[in-house]
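The structure presented is a predicted model; accordingly, all values stated were derived computationally and were not measured. Note on naming: letters A, B, ... go to the chains in the order of the sequence lines (proteins, then strands), and numbering restarts at 1 for each one.
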Amino acid sequence: MTWYLVRRVGQAIAVVFGVMILTFILLHMEPGSVARAVLGLKATPERVALFDDTYGLNKPVYQQFLIYMDRLLHGNLGVSYQYLQPVSTLIAERLPRDAVLLGLSTLLAVIIGVPMGIYQAVRHNFLVDDVIAGTWFTLYAAPDFMEALLLIALVCVQFHILPPAFPGGVTSVGGLFSDWRALVLPVVVLSINSVAGFSQYARSSAIMTLAEDYIRVARAKGLPERLVLTRHLLRNSLLPVITILGLSLPGIVAGAVIAEEIFNFPGMGLLFWQSALSHDFPVMLGATLIIGVATVLGNLAADIAYGVLDPRIRLASS
Amino acid sequence: MPAPDSWTATAAESVAGPLEAGELVLRRSDTQLTLSAFLHNKRAMTGVGVVVFMLLFCFVGPLIYHTNQTTVNLAIENSPPGNGHPLGTDEYGIDILGRLMAGGQSSLELGFAVGIASTLLGVLYGAISGTIGGIGDGLMMRIVDTLLAVPTFILLIIVASMYTLSLTVIILILTALSWPDVSRLVRGQVLALREREFVQAARSMGSTQRRILVRHMVPNTLGISIVTATFGVADSIYALSALSFLGIGPPPPFTDWGTMLTNGVDNLFNGYWWQVYPPLIVLVIVVVAFRQIGDSLNDIVSGQLGGRMLRRRRRRFGWVPLSARYEQDGQL
């Protein structure tokens, strides 16, 4: 287990390094020059030169990379061209809000998805199973932006139950909850995306668990079905769900870009989207880096949690 | 979950079953088995039927149903279904049914192109990585991990914000971003295959790495690759529509179902429902159809791998590396 941990952490570090290289390459993929993209085509050569000089863009590429790495390792993600603020500050402001949004929607998705998946597994090969699976698949296949807009059309425009977007000027996590009604729709839309995944995972895992001998033993010794389901089935089917909790992070983040754009949620997705529109590379790449690192950490945590929670797992290297 | 290496081989034996003495068995190849199971699978065949229908609809339909898709006709803008326009017209007076066909052409072209290209790339990469093993394998897989760590959609937005997109460019970008997923699955499969008897036999007879790769690894990963290709088609059709929705898709006169949706949504609040629901419905139907084909193929193929679930989570487009490490990788 220790050796496995060491190797796994080593891999994670390598991938984080890879993500850094990736963002650096992306920065240099801009056709023409960054200065032109940011300052516009009418910028004078002097301004372009000044810009290049300020951001070190006139140095050889390898030197730029070393400077970039050095700054990253010091926690400096650069300065936003648009806001003229450090990227780390911009991101740090928004990260807790995203934690609330993503956390709530994932929680909702798990609360709905897992019991549903287990119910489907118990009712495997019955009509109910197919109907539930079909419903979620349709919702899943429908583009999430459509779901969001149709929900707005129904809930906000037709019935005036909830506000369609966040009011501007929300700056704190507390501010999110003071306007909790605006929080409902983004959370629901984001969780619709993940419920199908969670329930299908829980379902296939529960079907496999149901075939295990200990379930048969539990039933044979006369344990009430309710206890068989909660004590034996639920617990054992939850394991794979823990893995996807870690692994589903990038998907949720990507979904959050669209949802935040639609609902004007002041999170990292919106920041990312706005900086993409204004060619604000430091922000875009900073956000990409943070997402990449978060994903790597999520995967790592999931792997370790899986190994710790399920003692049956014999890791290949141990 | 145990590493699959150790038990795939035994599981595969149990599927084939031991031969009794004197028993004469005409064994069909894996490919034949897959094909036959596929043809008898209702879900898969329904999916294929839908896809074929949509292909005919989009590519043959315009030859039969002639509409004006080029000039603006404001006299008939936003007219409801009926009156020579079975599905009504959009804000420029363009027939929606004809638009569905035109938009479907680009959506389907993109889907198939990305599905096929990224699968080819991913299969080659994964097979090479799995075959060479060692440090090279580790390095190649870290590259894949890196690309998987950043959501495809995020990368897509970054690149889309830099370049003016055309269908070809989007196809190239999506291909470049969606092969890692395939290669990871294929590598896992190759690692499992490496321990199988026929590969070891080939090796012991002095086959070169390349021969093993081309003659044994690639054909035997065909099942998984087709599965991922079908998912890839659905994912990329979806990605294109999301890009169009965000307004960074290809500029007009390009059209696809996503663009139609986006334009229609602007008018949804005016009550022009016929501009939204037709593209929404065809989009959902096509995506579900491809996923159904992929899912049933997945069941068939993983059945042949000895009941091992491939457990590739049904994703939206390629942004969750749910490559199910435990099931896929030969080692952790």
Asks: Counting only non-hydrogen atoms closer than 4.5 Å, does L246(B) touch chain A with its backbone (N, CA, C, O), its side chain (CB onward), both, or neither?
Replies: both

Asks: Looking at chain B, which one of L22(A), V296(A), V16(A) has the largest number of heavy-atom pairs inside 4.5 Å, strictly under?
Replies: L22(A)

Asks: Please identify each residue that fulfils ring pair (Phe, Tyr, Trp, His ring centres under 6.0 Å) with W179(B), with sequence neighbours left out.
Replies: Y125(B)

Asks: Quick one: what part of V19(A) sits under 4.5 Å from any heavy atom of chain B, side chain, backbone, both or neither?
Replies: both

Asks: Which atoms of F290(B) come close to chain A, meaning under 4.5 Å heavy atom to heavy atom: side chain ones, backbone ones, both, or neither?
Replies: neither

Asks: Given that the side chain runs from C-beta out, which part of L285(A) has a heavy atom under 4.5 Å from chain B: side chain, backbone, both or neither?
Replies: side chain

Asks: Of all of L283(B), L155(B), L147(B), L261(B), which one pairs up most often with chain A through heavy atoms under 4.5 Å apart?
Replies: L261(B)

Asks: Using non-hydrogen atoms only, which part of I143(B) is less than 4.5 Å away from chain A: side chain, backbone, both, or neither?
Replies: neither

Asks: Considering non-hydrogen atoms only, spot the tightest contact between T146(B) and G18(A) and give its length.
Replies: CG2-C, 3.2 Å

Asks: Counting only non-hydrogen atoms closer than 4.5 Å, does V144(B) touch chain A with its backbone (N, CA, C, O), its side chain (CB onward), both, or neither?
Replies: neither

Asks: Could you tell me the separation between the CD1 atom of I262(A) and the CZ atom of F245(B), rounded to the nearest 0.5 Å?
Replies: 4.0 Å

Asks: Side chains of T295(A) and V150(B): does their closest heavy-atom pair fall under 4.5 Å?
Replies: no

Asks: Side chain, backbone, both or neither: which part of I158(B) has a non-hydrogen atom closer than 4.5 Å to chain A?
Replies: both

Asks: Of all the heavy-atom pairs spanning I291(A) and I154(B), show the shortest one and how long it is.
Replies: CD1-CD1, 3.9 Å

